[in-house]
Undergrad: 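Following this message is one structure expressed as structure tokens.
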Amino acid sequence: MLPARYRYIAIEGPIGVGKTSLARRLAEVAGGELLLENPDENPFLARFYNDKKRYALPTQLFFLLARTEQTARLAQAGLFSPVTIADFLIEKDPLFARLNLDDAEFALYQKIHADMAPKAPTPDLVIYLQAPTSQLAERVRRRGRAYERNLSESYLTDLSRLYSEFFYHYDSSPLLIVNSENLNFADRQSDFQLLLERLNEMRGAREFFNMGT
């Protein structure tokens with residue numbers, strides 16, 4: 001079981017790292033509300049992977065609008081559900097914008113973001129999943145989404161770097177940084193059980209969980 005102090009947990013990390021799989025398992029264990037990012041609902045995403053320059057801005061703005069709507073659901077879920085597990089953190093949205101948009105588009109995005117001012121409850125815990133780029137690329141390949149076929153390792157490398165920079169400075173919530181290179185929370189119950197034990201033992205504001213080979 002999860003500790004009672006964790007009523008809202010957000011799971012983050014680069015594409016392919018396993019956020020959604022872990023969120024589903026934690027929500028199942030906790031019997032709580034599951035809040036998913038659902039990138040498949042973005043009608044521009046497939047076109048973005050084929051032509052990043054042309055479709056970066058509409059893709060990013062759609063995600064901004066969707067996540068802003070989800071923050072309202074998140075606040076409401078906190079009133080009725082003992083636990084909420086999300087596979088995204090709203091504060092990371094500008095990270096993708098900075099990577100994908102040119103200077104003029106990013107300036108426009110920042111203005112729209114500031115005007116909308118998306119707010120969400122502060123998580124009781126953030127789990128940041130890490131994995132090597134080669135492993136991210138393999139996991140993306142295995143899940144077989146057609147629109148991700150053009151997703152390059154260089155893009156995943158740049159994205160992982162931005163995540164590292166973001167979480168290096170992140171201090172809004174307790175943070176558990178998990179090196180998932182040798183962990184499989186979706187398919188190995190023993191790995192998932194180790195994570196649950198680590199969550200119960202966590203006491204500091206920033207801690208690390210790593211398994212050797």
Side-chain angles (χ1 to χ4, degrees), residues 1-40 67 70 74 77 81-92 95-96 120 122-145 148 151 153 156-157 159-164 166-168 170 172-213:
M1 297 298 293
L2 294 174
R5 64 183 180 273
Y6 298 146
R7 296 190 68 248
Y8 167 31
I9 298 176
I11 303 169
E12 263 299 351
I15 297 169
V17 80
K19 300 183 291 293
T20 303
S21 297
L22 180 56
R24 291 186 186 278
R25 296 217 64 185
L26 287 177
E28 182 180 2
V29 165
E33 178 84 8
L34 182 63
L35 192 63
L36 301 180
E37 198 168 33
N38 294 324
D40 291 347
R67 288 165 185 157
Q70 285 177 306
L74 181 56
S81 177
V83 179
T84 300
I85 311 292
D87 70 347
F88 68 95
L89 185 67
I90 188 66
E91 290 88 346
K92 69 88 183 279
L95 180 153
F96 277 83
T122 301
D124 300 306
L125 175 69
V126 174
I127 301 174
Y128 165 37
L129 302 177
Q130 298 175 317
T133 299
S134 59
Q135 193 172 68
L136 295 176
E138 174 61 20
R139 291 176 181 176
V140 169
R141 185 193 65 78
R142 284 204 309 265
R143 68 189 184 190
R145 292 175 180 169
E148 291 180 335
L151 188 61
E153 287 200 24
L156 291 171
T157 297
L159 184 59
S160 295
R161 174 180 53 80
L162 288 175
Y163 265 105
S164 295
F166 175 83
F167 279 111
Y168 180 81
Y170 183 82
S172 298
S173 305
L175 178 66
L176 179 62
I177 301 172
V178 179
N179 182 343
S180 68
E181 180 177 5
N182 300 303
L183 296 165
N184 186 337
F185 301 123
D187 300 324
R188 287 202 296 263
Q189 177 61 29
S190 58
D191 288 354
F192 183 63
Q193 188 61 41
L194 283 173
L195 178 64
L196 291 179
E197 293 171 3
R198 190 69 183 80
L199 294 178
N200 277 276
E201 295 168 357
M202 186 170 175
R203 295 294 182 270
R206 177 181 292 254
E207 297 187 10
F208 298 85
F209 179 35
N210 183 35
M211 289 288 291
T213 55

Undergrad: For Thr133 and Thr157, which I'm curious about, is there any donor-acceptor pair between the side chains at under 3.5 Å?
TA: yes
Undergrad: Which atom pair, heavy atoms only, marks the closest approach of Arg145 to Pro39?
TA: NH1-CG, 4.1 Å
Undergrad: Would you call Tyr163 and Leu95 a side-chain contact if the rule is heavy atoms closer than 4.5 Å?
TA: yes
Undergrad: Checking Asp87 side chain against Ile11 main chain: does a donor-acceptor pair fall under 3.5 Å?
TA: no
Undergrad: Fit a plane to each ring of Phe167 and Tyr128, take the angle between them on a 0 to 90° scale, and name the class: parallel (under 30°), tilted (30 to 60°) or perpendicular (over 60°).
TA: parallel
Undergrad: Apply the side-chain contact (heavy atoms from CB on, under 4.5 Å) test between Phe209 and each candidate in Asn179, Ile127, Leu195; give the one that qualifies.
TA: Leu195
Undergrad: Could you measure the distance from the CG atom of Leu136 to the OG atom of Ser160? Nearest 0.5 Å is fine.
TA: 5.0 Å
Undergrad: So how far is it from Ile9 CD1 to Ile85 CD1, rounded to the nearest 0.5 Å?
TA: 4.0 Å
Undergrad: May I ask you to decide if Gly13's main-chain N or O and Lys19's side chain share a donor-acceptor pair within less than 3.5 Å?
TA: yes
Undergrad: Would a distance-only check, ignoring hydrogens and angles, find a side-chain to backbone donor-acceptor pair under 3.5 Å from Gln135 to Glu181?
TA: yes
Undergrad: May I ask you to decide if Phe88's main-chain N or O and Glu37's side chain share a donor-acceptor pair within less than 3.5 Å?
TA: no
Undergrad: For Leu89 and Ala10, work out which heavy atoms get closest and say how close.
TA: CD1-CB, 4.0 Å
Undergrad: Provide the closest heavy-atom pair for Ala131 versus Arg139 in the form atom of the first, atom of the second, distance.
TA: CB-NH1, 4.0 Å
Undergrad: Does the side chain of Leu26 reach to within under 4.5 Å of the side chain of Leu196, using non-hydrogen atoms?
TA: yes
Undergrad: Asn38 side chain to Asp40 main-chain N or O, any donor-acceptor pair under 3.5 Å?
TA: no
Undergrad: Is it true that a side-chain atom of Glu148 and a backbone atom of Gly144 form a donor plus acceptor pair closer than 3.5 Å?
TA: no
Undergrad: Just so I know, are the side chains of Val126 and Pro174 near enough to count as touching, which here means a heavy-atom distance under 4.5 Å?
TA: no
Undergrad: Do Asn184 and Phe192 pass the side chain to side chain contact (heavy atoms under 4.5 Å, CB included) test, and can you show the C-alpha distance, the side-chain angles, and the key distance before you say yes or no?
TA: CA-CA 7 Å; Asn184 186 337; Phe192 183 63; over 6 Å; no
Undergrad: How about Arg198 and Gln193: does a side-chain donor come under 3.5 Å of a side-chain acceptor?
TA: no
Undergrad: Just by distance, do the side chain of Thr84 and the backbone of Tyr8 share a donor-acceptor pair under 3.5 Å?
TA: no
Undergrad: Mind checking the CD1-CD spacing from Ile177 to Gln130? Nearest 0.5 Å is all I need.
TA: 6.0 Å
Undergrad: I'd like to know whether Arg206 forms a side chain to side chain contact (heavy atoms under 4.5 Å, CB included) with Leu176, so could you lay out the CA-CA distance, the side-chain angles of the two residues, the decisive distance to 0.1 Å, and finally the verdict.
TA: CA-CA 6 Å; Arg206 177 181 292 254; Leu176 179 62; over 6 Å; no
Undergrad: Sub-3.5 Å donor-acceptor pair from the side chain of Arg5 to the main-chain atoms of Leu2, do we have one?
TA: no
Undergrad: Write down the atom of Arg141, the atom of Glu138, and the distance for their closest heavy-atom approach.
TA: NH2-OE2, 2.6 Å
Undergrad: When rounded to the nearest 0.5 angstrom, what is the spacing between CZ in Phe185 and OG in Ser180?
TA: 6.5 Å
Undergrad: Atom CG in Asn200, atom CE in Met202: separation rounded to 0.5 Å?
TA: 12.0 Å
Undergrad: For Arg24 and Glu28, run salt bridge (Lys or Arg N to Asp or Glu O under 4.0 Å): C-alpha distance rounded to whole Å, both residues' side-chain angles, the deciding distance at 0.1 Å, then the answer.
TA: CA-CA 6 Å; Arg24 291 186 186 278; Glu28 182 180 2; over 6 Å; no
Undergrad: Go through the steps for Phe96 and Lys92 under the test side chain to side chain contact (heavy atoms under 4.5 Å, CB included), then give the verdict.
TA: CA-CA 7 Å; Phe96 277 83; Lys92 69 88 183 279; 3.8 Å; yes
Undergrad: When you measure from the side chain of Gln70 to the backbone N and O of Leu36, does any donor-acceptor pair fall under 3.5 Å?
TA: yes
Undergrad: In Å, rounded to the nearest 0.5 Å, how long is the span from CD1 of Ile90 to CD of Glu12?
TA: 10.0 Å
Undergrad: Run the side chain to side chain contact (heavy atoms under 4.5 Å, CB included) test on Arg25 and Gln189 for me, step by step, so that the C-alpha distance in whole Å, both residues' side-chain angles and the decisive distance to 0.1 Å come before the verdict.
TA: CA-CA 10 Å; Arg25 296 217 64 185; Gln189 177 61 29; 2.6 Å; yes
Undergrad: Closest approach of Ser172 and Thr122, non-hydrogen atoms and distance?
TA: O-CG2, 3.4 Å
